[in-house]
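Chain A is the first sequence line, chain B the second, and so forth, proteins listed ahead of strands; every chain is numbered from 1.
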Amino acid sequence: MNAFIVIFTSASAVAFSAACAAFCLSSGRRGNYFLLFGWSFCILLFASNAVAAQAPPFGNMRHVLCFFPLALAPAWWLLVRKRHLPLDGPIAGAAVVSLIGALCMPLQAGWRQAPALQSPWFVPHVVSYVISYGLLAISFVCAVGAFGEKRDLRLRAADAAARFAFPFMTFGLCSGALWADVAWGRYWSWDIKEVWSLITWLVYLTYFHLFTGETRERRGLLILGFVCVIITFVVVNFAPSSESLHSYAR
Amino acid sequence: MKLLSSFIRVATLKLPTGLFFLARFAAPVLMALIALLLVRDHPETYHSGLMLGLGIASGLVCFIGACALARQHFFRLLAGLLLLGLAALALPGLLFFGEKAVHFARLGGAMWFGMVGMACLAFVSLMIAGVLGYLGFRAMRAPGLWTAAMHLFIVCLLIGVYTDFYRARETPITCSVGGSAYPAGEHPFSVQVESYEVKTYEGEETYSLLRHDKGRWQFVGSPKRDGAFVRLGSESWPLTSLLPAPKEAGSSAQRYLLLPGSPPRLLLQHAAPVREYIAFCRLKPTINSALSFADGERQFLLRVNEPISFNGWLVYLLSADASGKRVQLLLRRSPGRPFIYIGAVGLALCSFVWGFAPKEERIAAA
């Protein structure tokens, strides 16, 4: 099963890279085919991870990075197909980055679901956060890509992506608190990961409260928000001195 | 009530100036909260007066923001939320009364009677939920009401948090198997852990091979289990030759095998990951307690993620030690729990409506 996991991860990374290249060369039709190939491999990868883990595969960072491209599919459907925003390239690029990250991490085939993780909240909590982080990554790419552009098209795309991401982030935060209440007997433990996820939520909340300003003026908050996402998702997990209740997510 | 309506009138009169002002006030409050979370990272900081003050300020801003966003439709907002809340109660109501129907059917001896009762109940509750839900959504169709509802749910959440901050009681207890624990304070019962079990993932033990070099044990590799043997490369060792590890070796090492030679090597077997903790407990009322159970005590099975509740108290199983002698329990009374649940669920649902609403609706709300 370990060999299948590596093969499917590599195959989906290659497919998404090809999609990214096709979108850069303005070949949208071929790019869409490669995207579909990439997602097909990701479904197989998800199934392989589930078989190896004997549980929903959301237990560690590698699992989450493998699931990340699948979480981008609803974003692609909403933003590209429905709203016709030019986000094919960033979506394929984000998928490639996450899969390369997964390939660089140890396989952790021996991961098993701890008692505290055996809860109905486990899957919705993680999936909602992964979807929101995927959308926020796209929002960040658009916000950065809009530097030097006179038209506001990319900035509006960044705003739309952040707006779709925020409900998922809110759900993740609330479901995490309710789950902690059932598992540990307290909603909030001021754990480092919890604090940083709250900071991320507050930064985006501030972004939405500054509705009077131009989108261009609020771009800094979008970039700052994504920096907070990176700290919550990556830095907190790998900081050597951080003792966290979320240490099983490493 | 009179005070509330005059407050709402004042808060909503100066629109849209009031809303812009509030947003500009809300943003610094949020930034101050972020700054406080960033600057100091000791948990005691979060219980400091400054954080509590910021929490109250956030609650007030949210409440005034909700009034301003709802404009003249504040009572319509409350009516809509009430109707949606009642519609959401239909399912728990169905489960509660359905259980009663089955109970009565058992008393009467005819199960078909219970089934007919259940079907009728399901039909009626779905009808009620549908009608109330439709009316609730109709009431919430004015621009900005869902956003106002989000703010109200944050207020509800904060009320729950502050209620728990001042009124919650928590007692962690470590209970020996067979012994009773009498938690200190105002607990009207004692807890006894009759037995407990730690279930592990069978056959998931891991192995490590260490080599003694320069005065310390160094990691060589991770052998894999292959039937009745443990293999690493061309070498293999029968599982039956492993000996029980002494307690001093640490909690994770279960068995070991010392391999003589130069340098000497050590094969360690580590325990399989824990799948589940289960504790069988009894609760007995204390002498001065007003509690009474049918058989003088109450027995129950406790699992992680499945606390039991009775008479306003919650009993949690947190963990258990591998030696099989001690169980960690938590007794808790949380009066703010309903507010926090309503606030969290409402906030999450309303944020989805806000995020996926048509753009015109969002612009109107802003």
Residue by residue, scan residues 196-204 of chain A and write down, ordered by number, those that have a heavy-atom distance under 4.5 Å to chain B; if none do, write 'none'.
A:Trp196, A:Leu198, A:Ile199, A:Trp201, A:Leu202, A:Val203
Provide the closest heavy-atom pair for A:Gln118 versus B:Arg275 in the form atom of the first, atom of the second, distance.
NE2-O, 2.8 Å
Side chains of B:Val161 and A:Trp188: does their closest heavy-atom pair fall under 4.5 Å?
no
Interatomic spacing from CD1 in B:Ile34 to OG1 in A:Thr206 - rounded to 0.5 Å
4.0 Å
In terms of relative ring orientation, are B:Phe352 and A:Phe168 parallel, tilted or perpendicular, with 30° and 60° separating the classes?
perpendicular
Output the distance between atom OH (B:Tyr201) and atom CD (A:Gln113), rounded to the nearest 0.5 Å.
5.5 Å
Select, from A:Tyr187, A:Phe166, A:Phe171, the one with the greatest count of heavy-atom pairs under 4.5 Å involving chain B.
A:Tyr187
Just do the side chain to side chain contact (heavy atoms under 4.5 Å, CB included) check on B:Leu30 and A:Tyr207 with the steps written out, would you?
CA-CA 10 Å; B:Leu30 293 171; A:Tyr207 169 78; over 6 Å; no
Checking A:Ala183 now: which residues fulfil side chain to side chain contact (heavy atoms under 4.5 Å, CB included) with it, not counting sequence neighbours?
A:Trp179, B:Asn305
What do you reckon, is CZ of A:Arg186 surrounded by more than 12 foreign heavy atoms closer than 6.0 Å?
no
How many angstroms lie between CG in A:Leu178 and CZ in B:Arg337, if you round to the nearest 0.5 Å?
9.0 Å
Tell me whether B:Tyr341 at atom OH has more than 12 heavy atoms from other residues, nucleotides or ligands lying less than 6.0 Å away.
yes
Sorted by chain and number, sequence neighbours left out, salt bridge (Lys or Arg N to Asp or Glu O under 4.0 Å) with B:Glu276 holds for B:Arg303
Would you name the heavy atoms of A:Pro167 and B:Ser351 that are closest together and state the gap between them?
CG-O, 3.2 Å
B:Pro307 side chain near A:Val182 side chain, heavy-atom distance below 4.5 Å:
yes
Residue list, side chain to side chain contact (heavy atoms under 4.5 Å, CB included) with B:Ile308, at least two apart or on another chain:
B:Phe300, B:Leu302, B:Phe310, B:Val315
For the atom pair CG (B:Leu33) and CG (A:Leu205), what is the distance rounded to the nearest 0.5 Å?
10.0 Å
By a 4.5 Å heavy-atom criterion (distance strictly below it), what part of B:Thr206 contacts chain A: side chain, backbone, both, or neither?
neither
Against chain A, work out which of B:Ile340, B:Val29, B:Leu330 has the most heavy-atom pairs shorter than 4.5 Å and name it.
B:Ile340
Side chain of B:Arg332, backbone of A:Gly185: donor and acceptor closer than 3.5 Å?
yes
A:Cys174 and B:Leu347 have their tightest heavy-atom pair at SG-CD2, 4.0 Å
Working to the nearest 0.5 Å, report the span between CZ of B:Phe153 and OG1 of A:Thr170.
13.5 Å
Is atom CZ of A:Phe68 surrounded by more than 12 heavy atoms (other residues, nucleotides or ligands) closer than 6.0 Å?
yes
Inter-residue atom distance B:Met150.CE - A:Phe208.CZ, 0.5 Å rounding:
9.0 Å
